[in-house]
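Report on the following structure.
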Amino acid sequence: MRRFLTLLLLVLCTALQAQTVKIWEGTSVRAGSTLTAYLPEGEPKAAVVVCPGGSYFWLDKEGEGDRVGDWLAGNGIAAYVLLYRTGGWFNFTFHTRALFGGNRHPDMIADLQRAITLVRRQFDGPVGAMGFSAGGHLVMSAAEFFGTDFTKRAAGTPLRPDFVAPVYPVVSMRDSCTHARSRRGLLGDGRTGDQALRDSLSLECHVRPDTPPVFLLRCDDDPVVDPHNADLLDAALTEKGVPHRTIRYRTGGHGFGADPEKFTEETARWQAEFLDWIQEINYGRH
């Protein structure tokens, strides 16, 4: 059985070079999570797993997914857009997870760790993660909780990303500035009042000195996720001495991703600033 699973993993890794794959195919995990490759011409400088946002209930597959993949590939970086498990529209509307469970933590981080594992086993270079809004919370979770294998299948493959880029991220699960919809999407109906669970997933509380380098972006006029989320994370990263760059724009709002039609004069610069940053940190590879 182990030999069969090893061969299956090799097939999956090879398939990642050209198409969309179901990351849990051949395992006992019942999930339709997928990973789609956007590959540059020539040898990639680095690889990035891209996590769209959507309040942990749905995903912005275009502006924070496909367009991000195209942009990264066009700049010599292999991008792998992850469609991870979310609560879903039905559960958002009818609150059914209070009775029947459904997708909730740790399903999302297990998907991201699985994606990092698959990419890392077929790419011998720096592997980072970029996420938007709730996806920003997800990639930052991977940067902090890499000591726990939520997949139970990493088999020694390093789960720590080489760098992460949370863009207008959800950070805290606490009442003062949390994005309540994302908290409900992540924790699941019936668990939003669990203070210990909230604290365990409030990322400003769990930054560690060996957290990988962080590119953090927020806008003062964000009407969806309180920008204080990013400020809390910036302060925690500074306190722990973690290399990071925080970009603060006055205008830009929320949800612009890689869609030029949603850019302001300021946010039109963010992609170039990210590319400059990963070159400065040598793509995060120690």
Side-chain angles (χ1 to χ4, degrees), residues 44-53 63-65 67-69 71-82 112 115-116 119 125-146 160-171 203-204 206-220 222 225 227-250 252-259 263-264 266-286:
K45 305 169 186 176
V48 175
V49 179
V50 178
C51 297
E64 297 174 352
R67 292 195 180 198
V68 178
W71 156 60
L72 289 171
N75 285 276
I77 298 169
Y80 297 88
V81 176
L82 174 65
L112 178 51
I116 290 172
V119 172
V127 178
M130 173 182 288
F132 302 83
S133 194
H137 183 277
L138 182 57
V139 301
M140 198 64 215
S141 297
E144 294 181 356
F145 304 139
F146 57 84
R160 178 184 180 273
D162 288 303
F163 58 87
V164 292
V167 180
Y168 42 80
V170 176
V171 172
L203 303 182
E204 72 275 20
H206 302 286
V207 173
R208 43 194 291 175
D210 57 350
T211 297
V214 178
F215 177 90
L216 176 62
L217 186 154
R218 47 83 101 201
C219 299
D220 290 343
D222 191 326
V225 175
H228 188 52
N229 276 263
D231 296 340
L232 289 172
L233 180 56
D234 175 69
L237 292 167
T238 300
E239 180 183 354
K240 296 295 184 180
V242 176
H244 67 288
R245 177 179 295 177
T246 300
I247 306 295
R248 294 182 174 91
Y249 292 136
R250 290 180 299 103
H254 190 88
F256 47 84
D259 185 350
F263 288 164
T264 63
E266 288 180 286
T267 55
R269 303 194 301 262
W270 86 264
Q271 293 165 299
E273 295 201 66
F274 170 76
L275 294 173
D276 288 344
W277 175 76
I278 56 173
Q279 288 185 354
E280 288 177 12
I281 64 168
N282 194 27
Y283 299 96
R285 177 58 63 88
H286 293 294

Testing the basics here: between [X] and [Y], what is the closest heavy-atom pair and its distance to 0.1 Å?
X: Met140; Y: Pro166; answer: SD-CG, 4.2 Å
X: Pro52; Y: Val81; answer: CG-CG1, 4.3 Å
X: Gly69; Y: Ala79; answer: CA-CB, 3.7 Å
X: Asn229; Y: Val225; answer: ND2-CG1, 3.8 Å
X: Ser141; Y: Leu203; answer: OG-CD2, 3.6 Å
X: His244; Y: Thr246; answer: CD2-OG1, 3.4 Å

Has [X] got a side-chain atom pairing as donor or acceptor with [Y]'s backbone, closer than 3.5 angstrom?
X: Glu266; Y: Arg250; answer: yes
X: Asp162; Y: Val127; answer: yes
X: Trp270; Y: Gly257; answer: yes
X: Glu64; Y: Gly53; answer: yes

**Message:** Parallel, tilted or perpendicular, judged at 30° and 60°: which one describes the rings of His254 and Tyr168?
**Reply:**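 Judged by the thresholds at 30° and 60°, the geometry between His254 and Tyr168 is tilted.
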**Asked** Once the angle between the rings of Phe274 and Phe163 is folded into 0 to 90°, is it parallel (under 30°), tilted (30 to 60°) or perpendicular (over 60°)?
**Response**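 Tilted: the ring planes of Phe274 and Phe163 meet at 30° to 60°.
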Under a 4.5 Å cut-off applied to non-hydrogen side-chain atoms, are [X] and [Y] in contact?
X: Cys219; Y: Thr267; result: yes
X: Phe132; Y: Val68; result: yes
X: Ile278; Y: Ile77; result: yes
X: Phe146; Y: Asp210; result: yes
X: Phe215; Y: Met130; result: no

**Asked** CG/Leu237 to CG/Leu232 distance, rounded to the nearest 0.5 angstrom?
**Response**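 Answer rounded to 0.5 Å: 11.0 Å.
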**Prompt:** Quick one: NE2 on His206 to NZ on Lys240, what's the gap to the nearest 0.5 Å?
**Reply:**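 One finds 11.0 Å between NE2 of His206 and NZ of Lys240.
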**Message:** For a side chain to side chain contact (heavy atoms under 4.5 Å, CB included) check, start with the C-alpha distance between Val207 and Glu239, then their side-chain angles and the critical distance, and finish with the verdict.
**Reply:** CA-CA 9 Å; Val207 173; Glu239 180 183 354; over 6 Å; no
**Prompt:** Pick from Val171, Leu233, Val167, Val164: which one makes a side-chain contact (heavy atoms from CB on, under 4.5 Å) with Leu216?
**Reply:**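 When side-chain contact (heavy atoms from CB on, under 4.5 Å) is applied between Leu216 and each of Val171, Leu233, Val167, Val164, only Leu233 qualifies.
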**Carboxylate-amine/guanidinium proximity below 4.0 Å for Asp234 and Arg248** =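 Here Asp234 pairs with Arg248 in a salt bridge, since their nearest N and O are under 4.0 Å apart.
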